[in-house]
Amino acid sequence: MRTRRPLIAGNWKMYKTAAEAVEFVRQFLPRVDGVGDRDIMIAPAFPALEAVGGALKGTAVALGAQDLFWEAEGAYTGQVAPRMLTACGCRYVIIGHSERRQYFGETDEGVCRKLQAAVKAGLVPVMCVGETEQEREAGQTFSILDKQLQNGLKDSIADQLASLVVAYEPVWAIGTGKTATAAQAQEAHRFIRSKVAQMFGSALSGAMRVLYGGSVKPENISELMALGDIDGALVGGASLKPDSFANIVKFD
Ligand code: PGA
């Protein structure tokens, strides 16, 4: 018996126009009809949010965004404000994805500000953490996770983080076909939960969902979900096809 309700989230990155995204939803919804014991989220690119939000309205599938900016509005060319996301029907927002850290200069400080802005707007933050291959080889996995969590969550208060989701995504496993072994994933997830317990207490850390991300597929989801501290998955490539994502959602 699980203590936390699983969450299976699809991160569509820079794939799918609005029309392609809506077509996915049309094919996907019947495939997950009747799935009631887990949460499902899809995070399309910004230009598809409104259309996908419309297509998901009244269904059990939630909408998420892939990023946001921390200011409420202003002269910030190219940025998207939290209330623009909620206006499209977003419930979740991914923050600090490793691709944002790697290619767009996202820092732990930025993650911290975005997290606060998301919570303030009523969005559930999906905060991404994870080490690179080099860091893992240098034995720094836990110190990196510690730093990302400490700095990213430092100005938060437990009350506001009631629905926090953390995604552990080892950078070396993203889009590479390499998945962390069950033991590697479980030990990282356990570390994340204990760090959050240390910062905010065991009620919050016990309720918090920790997702695994990095080459999750229909073939490996059940093994991952069998581990005590894995509460769901953040899925990139394998979330782009309705059949493949539905099969991940329906893991047993
Ligand atoms: P992947 O991506 O499933 O394609 O490895 C996961 C992610 O980056 O969230």
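Start at 1 and go down the list; that is how both ligands and their atoms are numbered.
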Between N11 and ligand 1, find which residue part has any heavy-atom pair under 4.0 Å and reply side chain, backbone, both or neither.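 The answer is the side chain.
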Side chain, backbone, both or neither: C128 near ligand 1, heavy atoms under 4.0 Å
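Under 4.0 Å from ligand 1, C128 contributes no heavy atoms.
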Notebook entry, point to check: Would you say the side-chain atoms of K241 and Q27 include a donor-acceptor pair closer than 3.5 Å?
Noted result: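 Distance-only check fails for K241 and Q27.
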- request: Taking atom types as modelled, find out whether S156 and Q116 have a side-chain donor-acceptor pair closer than 3.5 angstrom.
  value: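 Indeed, the side chains of S156 and Q116 share at least one donor-acceptor pair under 3.5 Å.
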Got a salt bridge between D108 and K154, using NZ or NE/NH1/NH2 to carboxylate O under 4.0 Å?
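No salt bridge links D108 with K154.
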* Are R91 and D39 close enough for a salt bridge, meaning some N to O gap below 4.0 Å? ->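 Looking at D39 together with R91, the answer is no, because their closest N to O distance does not fall below 4.0 Å.
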I need the nearest protein heavy-atom contact for [atom]: residue, atom name and distance, please.
atom                   : answer
atom 3 (O) of ligand 1 : G236 N, 2.8 Å
atom 7 (C) of ligand 1 : E169 OE2, 3.2 Å
atom 4 (O) of ligand 1 : G237 N, 2.9 Å

*To the nearest 0.5 Å, what is the distance between CD1 (I230) and CE (M225)?*
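Rounded to the nearest 0.5 Å, the CD1-CE separation comes out at 7.5 Å.
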Could you list which atoms of ligand 1 come closer than 4.0 Å to a heavy atom of [X]?
X    : answer
G175 : 1 (P), 4 (O), 5 (O)
I174 : 2 (O), 5 (O), 8 (O)
A173 : 5 (O)

Check: Checking side-chain contact (heavy atoms from CB on, under 4.5 Å) against F28, which of D33, V249, L56 comes through?
Finding: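 Answer to the side-chain contact (heavy atoms from CB on, under 4.5 Å) test with F28 among D33, V249, L56: V249.
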ask   = Counting both backbone and side chain atoms, is some N or O of G214 under 3.5 Å from an N or O of ligand 1?
value =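 Among all N and O atoms of G214, none is under 3.5 Å from an N or O of ligand 1.
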For S239, state whether at least one heavy atom is located under 4.0 Å from any atom of ligand 1.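 Contact absent.
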Should S215 be listed as contacting ligand 1, given a heavy-atom distance under 4.0 Å as the test?
->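 Checking ligand 1 against S215, which is what was asked, there is a heavy-atom contact under 4.0 Å.
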| message | Quick check on the hydrophobic clustering: are L227 and F142 connected, directly or via other members, by side-chain heavy-atom contacts under 4.5 Å? | response |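 Same cluster.
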Should K13 and H97 count as side-chain neighbours, where that means a heavy-atom distance under 4.5 Å?
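The answer is yes, as the side chains (C-beta and beyond) meet within the 4.5 Å cut-off.
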Note to self: Heavy atoms only: which of K178, H97, K13 lies closest to atom 2 (O) of ligand 1?
What the structure shows: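 Nearest heavy atom to atom 2 (O) of ligand 1 lies in K13.
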